Amino acid sequence: MRRYITMRLIALVLTFLGVTLLIYVLVYALPGDPIRGMAGDRPLPEGVIAELRARYHLDEPFPVQYWYYVQGVLRGDLGTDFNGRPVAELMADRWPVTLTLALTAWVLELVAGLALGVLSALRRNRVLDRVVMILTIVAISVPIFVIAYTAQLVLGVHMRWLPISGIAEGWPRSYLLPAVVLATFGIASVSRLVRTSLIENLDADYIRTARGKGLPSRKVVTRHALRNSLIPAVTYLGADLGFLLGGTLIVEGVFNLPGIGQLLFASIQQQQGPVVVGVATLLVLTFLVANLVVDLLYGVLDPRISHVRR
Amino acid sequence: MEMKGKRRAVVALVAGLGLAAVTACSSGTVKSEEAKSAVFSIADGLPDHLTPGRGYSYNQYNALFAPLMRLSADGTLTMVQAESMESSDNRHWVIKIKSGWTFHNGEPVTAQSYVDAWNATAYGPNAWANSGSFANVKGYADLNPAEGKPKTKTMSGVKAADDHTIEVDLVTPDSQFPLAVATGPAFMPLPKVAFDDFDAYDKAPVGNGPFKVTGTPNLTVSMEVKRYDGYKGPQPGSDGIVFRFYSDLHTAYTDARGNGVDIFRVPVDKWPHVKQDFGDRFSAFKAPALQFLGIPLTDKRFRDPRVRKAISLAIDREAVNKSIFGGLNDPATSITSPAHKGSPANLCDYCSFDPARAKQLLAEAGGWSGGPMQIWLPGGLGYEPLFTAIANQLRQNLGIQDVQIKTLPGFTPFFEALSKKKVDGPYRGMWGSFYPSMAELLTALFTADGGGQFSTGYVNERMAKLVEQGNASGDAAEQTAKYVEAEKLVLNEAPVVPLFYDSYVYAWSENVTDVEIDLTPINITKVKVKR
């Protein structure tokens, strides 16, 4: 077990190095001068452009630029954006927003998805099951933009229940609407996964045996059937945590939440190398860590899946 | 049993981590106090620099700093911090400032506050964005040598004669200089504390304006400014402003419909709906700004002016304006717009919609035989519908089979393509004048170093001479006559295709009244909050 975790951690470090280099290359390969682009429609004297390029090492060849960056990272300095703001500070302001959003959405997926899945499996082919399944189809097929704008117009503009944008009212009010929108797809997927696999297990021989032995129905469902039905859902939820963190981009944009997705999007547009590398690398690392945790959870849920070397 | 305990522990741990993270993250929330006092909000992009010489965050500069003069929507100048600005030869300018005004920290605003600020902005190694505002001031070149470090830190052309008198010497006479001074953030003063540490000052600037910062703003979610009680200028109609940062103004649009944010710039694709959604609570200010099609003049397919005129005559500007801009822009009838002081507009004889003449001119020029015609633009910024419409019109009205739009991902690669001369077709061009002077627009678009990246690729020395003569004249009628003559020279050769005069479209919530949109663009001292 320990050996397994060590190997995975070494892989993490290697991934980190590879990812930073790769992203740096990609940002560097974008055509054009980011300083000029930042001015947009407004004029910027040539002297100012030259001075700023020198200040942020944009006038140096790629290996030198990357070397400056790696040197900085080794000293714990993630660099600055082209307005002189430290990347670490930018990320520190924005990570909490994205984490809060993603985790709220994730918990919603977990709770609502499980509940709906179990309910519809137990009420198989009855009205409740049918309604839930139709709703999940809608949730999966309607684009997230449409769900987001509809939610804003109905719950924000017309009913005035929840704020439309920003985080001024804090958690939970400011995060509820975007988290629900972000979680719709996941809730639908989780409930379908749980339903299918729970129905399968409920028909299995060992459940019939358990019932035959006279175990109470609640115990049969929770202890035996449900536990074995969770593996697909856990796989999904584990991968989804990483996806939620990276995928908050659209929701952060529509609901104007100052999170990491917004920062990443703006930085790519402006070719802010150090910011893009910092944000993207952290996203990749989070994804890898989430995957590691899920893999370890498998072993707990199903002892047949084991990472211990026999 | 042991396995079960472990399992429970893991589940509990995961749940606990999740909860802890959620609650920890939510502790740093911002409480809104707007309801209590007369504070309104402005939807804004993230500010780049809060020091006026350094960036483009005009809303913040207008709140924190008072200009020497103010240019109203109708083009008249009124004194604010200045008492007078005069010159007998348009070269040597004397600006008197009012006494008794103070910065937010109590320091008196003196002529030296201006001289120091202007020198810092113009000083090359500082690399402040608005340094070009002083390009025509004597001594600017010494602060921006082509090679090496400058030997001095001050411009010889800017002096404080006494505490309340600033004297400025220009390289070439410029009758339009007061307009530049009134509108350029670079002409704001800086207090002594700014010079201790520019970067520290930039985070929490001390200005001379109607509002002041409280603490150090965190530029992530919003920035609040409060009324400055010691302000000697026209008193603001509110107690404070919250600048709320939006990455996408479409969200601000929805937010303002629910009164969640008060004043915002309307994204172009919403212009056709703004009347329906906001009724009278919107304003389209006719800005001194020109949207045009640039033409790659070095490309031989476009070398004949008749081809360029044909392109222009084939575009039905009225129809495009209606469908794309909801009629809120104006079709261009000239290069300078009626918003440019003195411009008669209507100087362009190839800007009307006349498909028959367009086809005829193109035929006379030998027709189009260069394969597909591509219209180049920076993508993702909302320009696609406009240029798609124009491409359709060129296809229909000129009979060119294949007219496409060529979208590059954003401004950066677009400028790159322009500067490397890779652009092989008409391209998106735009110039918003910093002040409503015909000379400004003509200089920016058609002189060698007028606008840097936005040069049209067309330089006309004779035109530049005429503009210079206009600038030197002390008589308004003679100035205009010279500028008109200059503009006619340019139009003769049709180096650009004028499209529209641009509007600044802003809308506001039910919480505010007295919203005036002008060149600044929001007259924030006037805005009143409904109780």
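The structure displayed is predicted, hence computed values, not measured ones. Proteins get letters first, then strands, A, B, ... in listed order; numbering begins at 1 in each.
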Enter the distance from B:Leu418:CG to A:Arg36:CZ here, rounded to the nearest 0.5 Å. 10.5 Å

Looking only at the side chains, is there a donor atom on one of B:Thr220 and A:Asp93 sitting less than 3.5 Å from an acceptor on the other? yes

For A:Pro258 against B:Val221, the heavy-atom pair lying closest together: CG-CG2, 3.6 Å

Might you point out which heavy atoms bring B:Thr251 and A:Ser165 nearest each other, and give the distance in Å? CG2-CB, 3.5 Å

When heavy-atom pairs shorter than 4.5 Å are enumerated against chain B, which of A:Arg160, A:Glu89, A:Gln152, A:Gln271 gives the highest number? A:Arg160

When rounded to the nearest 0.5 angstrom, what distance separates CG in A:Asp33 from CD in B:Glu416? 7.5 Å

Measure distances from B:Phe245 to the heavy atoms of chain A and classify the residue's part below 4.5 Å as side chain, backbone, both or neither. backbone

Heavy-atom proximity to chain B below 4.5 Å, by part of A:Phe255: backbone

Heavy-atom pair with the smallest gap, counting every atom of A:Leu44 and B:Tyr56: CD1-OH, 3.2 Å

Which atom names give the shortest non-hydrogen contact between B:Gly132 and A:Pro45, and what distance separates them? N-CG, 3.5 Å

Please identify, among A:Asp81, A:Leu110, A:Leu52, A:Leu90, the residue contributing the most non-hydrogen atom pairs under 4.5 Å to chain B. A:Leu52

Please give me the minimum heavy-atom distance between A:Arg55 and B:Ala127, naming the atom from each residue. NH2-CB, 3.9 Å

Side chain to side chain contact (heavy atoms under 4.5 Å, CB included) for B:Thr412 and A:Gln270? Distances and angles first, verdict last. CA-CA 8 Å; B:Thr412 312; A:Gln270 298 166 2; over 6 Å; no

Region of B:Asn144 that comes under 4.5 Å of a non-hydrogen atom in chain A: neither

Say you draw a straight line from CG of B:Asp255 to CD1 of A:Ile164; how long is it, rounded to the nearest 0.5 Å? 5.0 Å

Might you confirm whether atom CZ of A:Phe265 has over 12 heavy atoms from other residues, nucleotides or ligands at distances under 6.0 Å? no

Side chain, backbone, both or neither: which part of B:Leu381 has a heavy atom under 4.5 Å from chain A? neither

Below 4.5 Å, heavy-atom pairs only: which of B:Asn259, B:Leu219, B:Leu408 has the largest tally toward chain A? B:Leu219

Worked verdict on B:Arg257 versus A:Leu153 for side chain to side chain contact (heavy atoms under 4.5 Å, CB included): CA-CA 9 Å; B:Arg257 285 181 70 187; A:Leu153 275 181; 3.8 Å; yes

Counting only non-hydrogen atoms closer than 4.5 Å, does B:Asn126 touch chain A with its backbone (N, CA, C, O), its side chain (CB onward), both, or neither? backbone

If you tally heavy-atom pairs under 4.5 Å against chain A, which of B:Phe434, B:Tyr246, B:Trp128 wins? B:Tyr246

Between B:Asp248 and A:Asn256, is a side chain to side chain contact (heavy atoms under 4.5 Å, CB included) present by the stated rule, with each step listed? CA-CA 7 Å; B:Asp248 182 354; A:Asn256 198 43; over 6 Å; no

